Amino acid sequence: MKYRIETDIVHGVHQTDPQTGALSMPIYQTSTFVFENAEQGARRFKGEEDGFIYTRLGNPNTNVLAQKIAVLEGYEAGIATGSGMAAVANVILATAQAGDHIIVDDTVYGGTHYLVEDDIRKIGIEVTRVDASHPEQVAEALQPNTRLVLIETPANPTLKLIDIQAVVDIAHAKNVLVCVDNTFLTPYLQRPKDFGADIVLHSATKYISGHGDVVAGVVVGSKEFIQKAYKVSTHYGWSMSPFNAWLLLRGLKTLAVRMDRHNENALKIARWLETHPAVERVYYPFLESHPQYELAKRQQKGGGGVISFEMKGGYEAGKALMDHVQLCTLAVSLGDCDTLIQHPASMTHAGMSEADLAEAHITPGLVRLSVGIENADDLMEDLDRAMRQ
Ligand code: LCS
């Protein structure tokens, strides 16, 4: 029976414990699994028998989490990783090797930018950065050895959008895979698979968890791709802990209701910020003033919980705002129940060169607000008080 996504978010992959009937999945906090005899151990290592061996290679909690995200995103299989950065590295290393080429959008999370620029280039994988919101730039960057196009939409932190279908059409014409980092929206608000993306990754630290208590990642795709990614993951050893997988499965149950509230609060606050005398410009996909509003409406079911905005007084005004808020919390990360505020140019994207920041339109005065699920009026009163100080 096929259910709608709100139902799959709660039920999805069956989790009732067959031995005890426990509705909530037990935590299999174990590093290893006992074989009945030597023959069985050998069969499991050869892949002739299903079953667990060792938690780095697979664990009931991490497997169920990965499978559940795969179901929600519409793919066959998935793997759970120890962080979102491990998920990004996993995708790149499972698709490209020395001598290959990848295309990465110019606006991505700072950590992804550093990984690509510092480490991926170092191991001999060529990288071209493009502005994939102009898909023709992806077409121009394609080479015979291109293996992957990696994009975030909406992009961290500017909320620039990328037309997934347009990028997929260009990449697939040359047999190149497309991976979408869907961290900002989750499968509840955007399913890149519906637009042809081959791979989706998440920093599960964010909305998948929703509670700010885990660092984790997930990669989902075809069985064939996940088999390759699994090999990389087990070799590098960036597997997720069973307890973190359990926390994520718990957090995930409320994804739909949390995202509904994030959408509602963020839209209300974005509209209000647009009218505020201290604010120069607001970026939020579901604002009519967003340059890609039409694309947002076509590709997304909601605007999500993240807003970026420019204060009229630039960096100094932004800094003063962050020092004066009381309810909004001054911290990086996003996707939590709590509203978090941060300054990309000096925090999440601080290691980028001035030229790279300019290329990504991360201005000195840009403030990023991850709107939580509190009462929106309380958040606006807090921001208003801080802006007036
Ligand atoms: N992808 C995106 C879109 C992200 O926002 C982040 C982290 C990552 C990948 C990496 O995930 P992690 O390893 O942290 O789980 N973004 C952060 C941010 O904006 N502030 O702090 C972390």
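All values derive from a computational prediction rather than experimental measurement.
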field: Polar side chain donor-acceptor pair, Glu374 to Asn265, under 3.5 angstrom
entry: no
field: Side-chain donor-acceptor contact under 3.5 Å, Gln342 with Thr348
entry: yes
message: Any side-chain to backbone donor/acceptor pair from Asp181 onto Ile151? Under 3.5 Å, distance only.
response: no
message: Is it the case that the side chain of Trp272 and the backbone of Met380 share a donor-acceptor pair, with hydrogens and angles ignored and the cut-off at 3.5 Å?
response: no
- request: Would you kindly say whether Ser289 and Glu274 are connected by a side-chain donor-acceptor distance under 3.5 Å?
  value: yes
field: Asp118/Lys122 ion pair, N-O < 4.0 Å
entry: no
message: Tell me whether Lys193 forms a cation-pi arrangement with Tyr75, defined as NZ or CZ under 6.0 Å from the six-membered ring centre and within 45 degrees of its axis.
response: yes
- request: Please check if the side chain of Thr205 supplies one atom and the backbone of Ala216 the other of a donor-acceptor pair under 3.5 Å.
  value: yes
task: Carefully, step by step, assess Glu117 and Arg121 under the rule salt bridge (Lys or Arg N to Asp or Glu O under 4.0 Å).
output: CA-CA 6 Å; Glu117 291 301 321; Arg121 284 190 199 277; 2.8 Å; yes
Trace of the side chain to side chain contact (heavy atoms under 4.5 Å, CB included) decision for Gln300 with Leu185: CA-CA 8 Å; Gln300 309 178 188; Leu185 291 179; 3.4 Å; yes
field: Any Glu310 side-chain heavy atom under 4.5 Å of Val279 side chain
entry: no
- prompt: Does Pro157 offer a backbone N or O that forms a donor-acceptor pair with the side chain of Ser308 under 3.5 Å?
  reply: yes
- prompt: Is a donor on one side and an acceptor on the other found under 3.5 Å between the side chain of Asn263 and the backbone of Gly304?
  reply: yes
field: Same apolar cluster (I L V M F W Y, side chains within < 4.5 Å links), Tyr230/Val64
entry: no
field: The single option from Asp169, Asp105, Val130 passing side-chain contact (heavy atoms from CB on, under 4.5 Å) against Val138
entry: Val130
Same cluster (ILVMFWY, side-chain, under 4.5 Å), Ile307 and Met387: yes
query: Just checking, any donor-acceptor pair under 3.5 angstrom between side chains of Asp260 and Tyr188?
result: yes
Val91 reachable from Ile79 in the ILVMFWY side-chain graph, under 4.5 Å edges: yes
- prompt: Does a donor on one side chain and an acceptor on the other come within less than 3.5 Å for Gln165 and Asp163?
  reply: no
Scan the side chains in residues 320-337 for donor-acceptor partners under 3.5 Å anywhere in the protein, sequence neighbours excluded, and list what turns up.
{"residue": "His324", "atom": "ND1", "partner": "Ala320", "partner atom": "O", "Å": "2.8"}
{"residue": "Gln326", "atom": "OE1", "partner": "Arg385", "partner atom": "NH1", "Å": "3.4"}
{"residue": "Asp336", "atom": "OD1", "partner": "Gly212", "partner atom": "N", "Å": "3.3"}

field: Flag, side chain of Ser203 to backbone of Gly84, donor-acceptor distance under 3.5 Å
entry: no
task: May I ask you to check whether Phe309 and His276 place their ring centers less than 6.0 Å from one another?
output: no
field: Chi angles and distances behind the side chain to side chain contact (heavy atoms under 4.5 Å, CB included) call for Thr112, Leu150
entry: CA-CA 10 Å; Thr112 302; Leu150 175 63; 4.2 Å; yes
query: Glu48 and Arg43: salt bridge (Lys or Arg N to Asp or Glu O under 4.0 Å), yes or no, with the steps?
result: CA-CA 5 Å; Glu48 292 168 359; Arg43 280 200 306 277; 5.7 Å; no
Partners meeting side-chain hydrogen bond (donor to acceptor under 3.5 Å, both in side chains) with Thr153 (sequence neighbours left out): none
- request: Without swapping roles, check the side chain of His101 against the backbone of Leu142 for a donor-acceptor pair under 3.5 Å.
  value: no
- prompt: Could you go step by step and tell me if Asp382 and Leu379 meet the side chain to side chain contact (heavy atoms under 4.5 Å, CB included) rule?
  reply: CA-CA 5 Å; Asp382 185 47; Leu379 294 169; 5.6 Å; no
Atom pairs and distances, side-chain donor-acceptor, residues 218-227, under 3.5 Å, sequence neighbours left out:
{"residue": "Ser222", "atom": "OG", "partner": "Phe225", "partner atom": "N", "Å": "3.0"}

message: Would you say the rings of His202 and Tyr207 are close, in the sense that their centroids are separated by under 6.0 Å?
response: no
task: Show your reasoning for whether side chain to side chain contact (heavy atoms under 4.5 Å, CB included) applies to Leu177 and Val149.
output: CA-CA 6 Å; Leu177 298 175; Val149 180; over 6 Å; no
- prompt: Would a hydrophobic clustering, with Ile, Leu, Val, Met, Phe, Trp and Tyr connected at side-chain separations under 4.5 Å, put Met25 with Ile9?
  reply: yes
- prompt: Are Val257 and Ile5 connected in the hydrophobic side-chain network, where two residues link if heavy atoms are under 4.5 Å apart?
  reply: no
Trace of the salt bridge (Lys or Arg N to Asp or Glu O under 4.0 Å) decision for Glu49 with Arg44: CA-CA 5 Å; Glu49 178 186 298; Arg44 290 206 180 160; 3.0 Å; yes
field: Distance-only side-chain donor-acceptor flag, Thr107 / His361, under 3.5 Å
entry: no
task: Spell out, as yes or no, whether a donor-acceptor pair under 3.5 Å connects the side chain of His211 to the backbone of Ser209.
output: yes
- request: State, yes or no, whether a side-chain contact exists between Ser24 and Trp246 at a heavy-atom distance under 4.5 Å.
  value: yes
query: How far apart are the C-alpha atoms of Asp106 and Arg129, what are their side-chain angles, what is the distance that settles it, and do they pass the salt bridge (Lys or Arg N to Asp or Glu O under 4.0 Å) test?
result: CA-CA 5 Å; Asp106 61 14; Arg129 281 207 322 267; over 6 Å; no
query: Judged by atom type as modelled, is there a donor-acceptor pair below 3.5 Å linking the side chain of His349 to the main-chain atoms of Val108?
result: yes
- request: May I ask you to say whether Arg271 pairs ionically with Glu288, meaning some side-chain N is under 4.0 Å from a carboxylate O?
  value: yes
task: Give a yes-or-no answer on whether the side chains of Arg191 and Asn182 include a donor-acceptor pair shorter than 3.5 Å.
output: no
